[in-house]
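Lettering of chains follows the sequences in order, A, B, ..., and the numbering in each one begins at 1.
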Amino acid sequence: MLDPALLRGQLDAVAERLAARGFALPKAQIEALEARRKTTQTQTQELQNLRNTRSKSIGMAKAKGEDTAALMAEVAGIGDQLKANENELAKIQAEVAQITLGIPNLADTSVPYGKDETQNKEIHQWGTPRRFDFPVKDHVELGARHGWLDGEVAAKLSGARFTVLRGDLARLHRALAQFMLDLHTREHGHLECNVPLLVNAETMQGTGQLPKFEEDLFATAGEARRYLIPTAEVSLTNLVANEILEAEKLPMRLTAHTPCFRAEAGSHGKDTRGMIRQHQFEKVELVTISKPSESYAEHERMTRCAETVLEKLELPYRRVLLCTGDMGFAAAKTYDLEVWLPSQNTFREISSCSNCTDFQARRMQARWRNEETGKPELVHTLNGSGVAVGRALIAVMENYQNADGSIAVPPVLRPYTGGVERIA
RNA sequence: GGAGAGGUGGCAGAGUGGUCGAAUGCGCCGGAUUCGAAAUCCGGUUUACGGUUUUGCCGUAACGUGGGUUCGAAUCCCACCCUCUCCGCCA
């Protein structure tokens with residue numbers, strides 16, 4: 001959520017910045033609604049004030065044993081008017097919320113202007129794609145061996161966009177997750193968390209998935225409707241919802257390894273082959289809660305944490321700064337990391353690191369106590385994949401493949417595979 | 001799943017219809033006292049939203065959540081959520 005004061009005082013400037021991300025702000029509607037809100041709220045509060053003072057005087061009169069019939073008759077008339085005003089105000093506030101909860105974050109000034117992903121800016125590349133002296137196989141072909149990676153049987157169980165992993169490949173997948181978690185906890189100072197995968201609507205609203213993107217989520221049936229998390233960002237970030245943190249607790253650096261569930265509405269026909277785009281996948285997530293003044297430095301640091309994963313795995317990648325038109329709803333600035341996939345002869349997204357500034361914090365009422373002012377202020381929240389485990393597995397398979405279809409285990413993973421150096 | 005108890009400020013804990021945003025204690029922050037400290041004494045100490053002449057002032061709301069009754073609700077009524085204890089069951 002944006003600061004409501006911005007929508008009142010600087011509507012034109014805000015509209016312009018939102019237009020850069022392809023969002024059309026309904027200015028006239030907001031102005032009209034805001035005008036109604038102001039008069040209705042002021043009126044309501046005046047009526048409440050009137051009722052309270054009169055009721056108090058009844059109490060005082062009764063205490064003195066005076067007759068209160070006249071006073072009571074007078075106040076009785078306020079009730080209906082007040083009720084009507086309160087209902088009207090609630091209606092207006094609901095309308096305001098519906099609009100403001102659907103407005104994306106403002107892009108940081110360092111974000112390049114652009115319409116879509118073609119205008120993202122490459123920051124740097126790391127590593128050199130390996131030269132193969134044999135025809136490369138993609139992960140689906142490589143995974144066919146020993147039934148390592150089986151989409152057919154998964155379809156039997158669950159439908160399209162699921163996979164079953166077996167044997168050495170399943171272990172390699174687990175090794176990747178373990179390695180990442182150990183790296184972030186031992187070397188990067190993130191606290192390991194094990195979090196709920198099912199969360200309520202309020203939590204989903206806190207990080208911005210709701211109310212606007214419900215169609216991308218899986219939900220449970222029944223009265224106590226809950227949602228499967230599309231990323232551990234949701235659970236980790238909301239840990240500080242409705243909290244006022246002491247300054248010394250910041251920055252708060254967290255990590256979790258969880259499955260992620262995405263309905264992927266609107267991506268039909270994209271990446272249908274293999275396990276690139278699944279309804280269920282695993283990810284090691286990084287989250288940082290920081291003071292506003294430190295969030296951009298934290299953003300760089302956290303992106304480096306994700307890059308370190310790929311560097312230790314010796315996987316070539318590049319860092320891309322997303323342009324205004326390609327960023328996610330809550331982000332003010334996002335770096336994507338893209339890993340080299342030999343079979344596609346290109347880089348594919350494997351991590352996304354965003355600074356959400358105070359956008360999620362305002363929705364969650366996540367604050368810290370600024371010692372200089374003594375007042376609670378909104379924190380900044382950041383999240384990043386560190387990294388997607390399924391896609392890391394694909395990258396390892398393809399980049400480490402041998403002519404015979406066997407796959408070398410990256411040295412850094414060998415402690416996690418019982419010393420196995422090659423799966424064949 | 002069964003039975004019971006309970007949700008009030010940073011914490012503990014009063015308050016069962018009326019000057020109650022809330023006693024008291026603890027904690028915390030100032031100050032006094034002291035060579036310094038302890039003890040003691042004095043004062044202060046929630047948050048959100050709105051208005052405004054914006055280092056301030058004014059107003060409204062909030063006692064688990066949402067409704068209801070009433071001139072007036074922390075207090076009465078209804079529904080829901082959560083926590084704790086015991087029993088059962090289970091990983």
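Straight-line distance between the C1' atoms of B/U65 and B/C11: roughly 23 Å, to the nearest whole Å. Comparing the P positions of B/G13 and B/C26 gives an interatomic distance of 15 Å, to the nearest angstrom. To the nearest whole angstrom, the two C1' atoms, one in B/G68 and one in B/G15, are 23 Å apart. Taking atom C1' in both B/C49 and B/A91, the straight-line distance is 47 Å, to the nearest Å. Using atom P as the reference point in both B/G9 and B/G64, the two lie 8 Å apart (nearest Å). Comparing the same atom, P, in B/C77 and in B/U69 gives a spacing of 15 Å after rounding to whole Å. Remark: the separation of the P atoms in B/A23 and B/C63 is 16 Å, to the nearest Å. B/G88 and B/C80: their C1' atoms are spaced 26 Å apart (whole Å).
When both distances must be under 3.5 Å, the Watson-Crick or G-U wobble mate of B/U40 is B/A32. Applying the Watson-Crick and G-U wobble criteria (two distances, each under 3.5 Å), B/A74 pairs with nothing in any strand. Within the shown strands, nothing qualifies as a pairing partner of B/C90 under the Watson-Crick or G-U definition with both distances less than 3.5 Å. The pairing partner recorded for B/G6 is B/C82, the criterion being a Watson-Crick or G-U wobble arrangement whose two distances lie under 3.5 angstrom. Across all strands shown, the partner of B/G27 is B/U45, judged by Watson-Crick or G-U wobble contacts whose two distances both fall under 3.5 Å. Nucleotide B/C57 is matched to B/G51 when pairs are restricted to Watson-Crick or G-U wobble geometry with both distances under 3.5 angstrom. Under the Watson-Crick and G-U wobble criteria, each requiring two contacts below 3.5 Å, nucleotide B/U19 is left unpaired.
Here the nucleotide nearest the side chain of A/Gln48, chosen from B/U47, B/A61, B/G18, is B/A61. In this structure, the nucleotide among B/G18, B/G50, B/U47 sitting nearest to the side chain of A/Pro4 is B/G50. Comparing B/A48, B/G68, B/G51 by their nearest atom to the side chain of A/Glu34 picks out B/G51. For A/Asn49, counting side-chain heavy atoms from C-beta on, the closest listed nucleotide (B/G68, B/C71, B/G59) is B/G59. In the set B/U52, B/C49, B/G18, B/U52 carries the atom at the smallest distance from any side-chain atom of A/Lys38.
No close placement of the A/His380 and A/Tyr296 rings is indicated, their centers lying 6.0 Å or farther apart.
Comparing A/Gly374 and A/Thr53 against RNA chain B, the residue whose closest nucleotide sits nearer the 5' end is A/Gly374.
Distance A/Arg51 CZ to B/A61 P: 6 Å, rounded to the nearest Å. Atom NZ of A/Lys375 is separated from atom P of B/G56 by 7 Å (rounded to the nearest Å). Atom CD in A/Glu202 sits about 11 Å away from atom P in B/G66, given to the nearest Å. Straight-line distance from the CD1 atom of A/Ile78 to the C1' atom of B/U70: 14 Å, rounded to whole Å. Straight-line distance from the CG atom of A/Asp80 to the P atom of B/U69: 11 Å, rounded to whole Å. Atoms CD (A/Glu371) and P (B/U45) sit 20 Å apart, rounded to a whole Å. Between the CD1 atom of A/Ile244 and the C1' atom of B/C28 there is a distance of 15 Å, rounded to whole Å. Computed from coordinates, the A/Gln365 CD to B/C49 C1' distance equals 10 Å when rounded to whole Å.
The aromatic rings of A/His184 and A/His188 sit tilted relative to each other, their planes meeting at an angle between 30° and 60°.
A salt bridge links A/Arg273 and A/Asp138; the closest N-O separation between the charged side-chain nitrogens and carboxylate oxygens is under 4.0 Å. Taking 4.0 Å as the cut-off between side-chain N and carboxylate O, A/Asp216 and A/Arg262 do not count as a salt-bridged pair. The pair A/Lys312-A/Glu187 meets the salt-bridge criterion, with a side-chain N (NZ, NE, NH1 or NH2) lying under 4.0 Å from an Asp/Glu carboxylate O. A salt bridge between A/Arg36 and A/Glu88 is present, with a side-chain N of the basic residue lying under 4.0 Å from a carboxylate O of the acidic one. The pair A/Glu264-A/Arg161 does not count as a salt bridge, with every side-chain nitrogen at least 4.0 angstrom from each carboxylate oxygen.
Note on A/Arg8: only backbone sugar-phosphate atoms sit closer than 4.0 angstrom, heavy atoms only; bases stay farther off.
Contact annotation: A/Arg369 side-chain N/O to B/U47 OP1/OP2 distance is under 4.0 Å. Between A/Asn52 and B/U19 there is no side-chain N or O to OP1 or OP2 distance below 4.0 Å.
With hydrogens and angles ignored, no donor-acceptor pair under 3.5 angstrom links the side chain of A/Lys56 to the base of B/G18.
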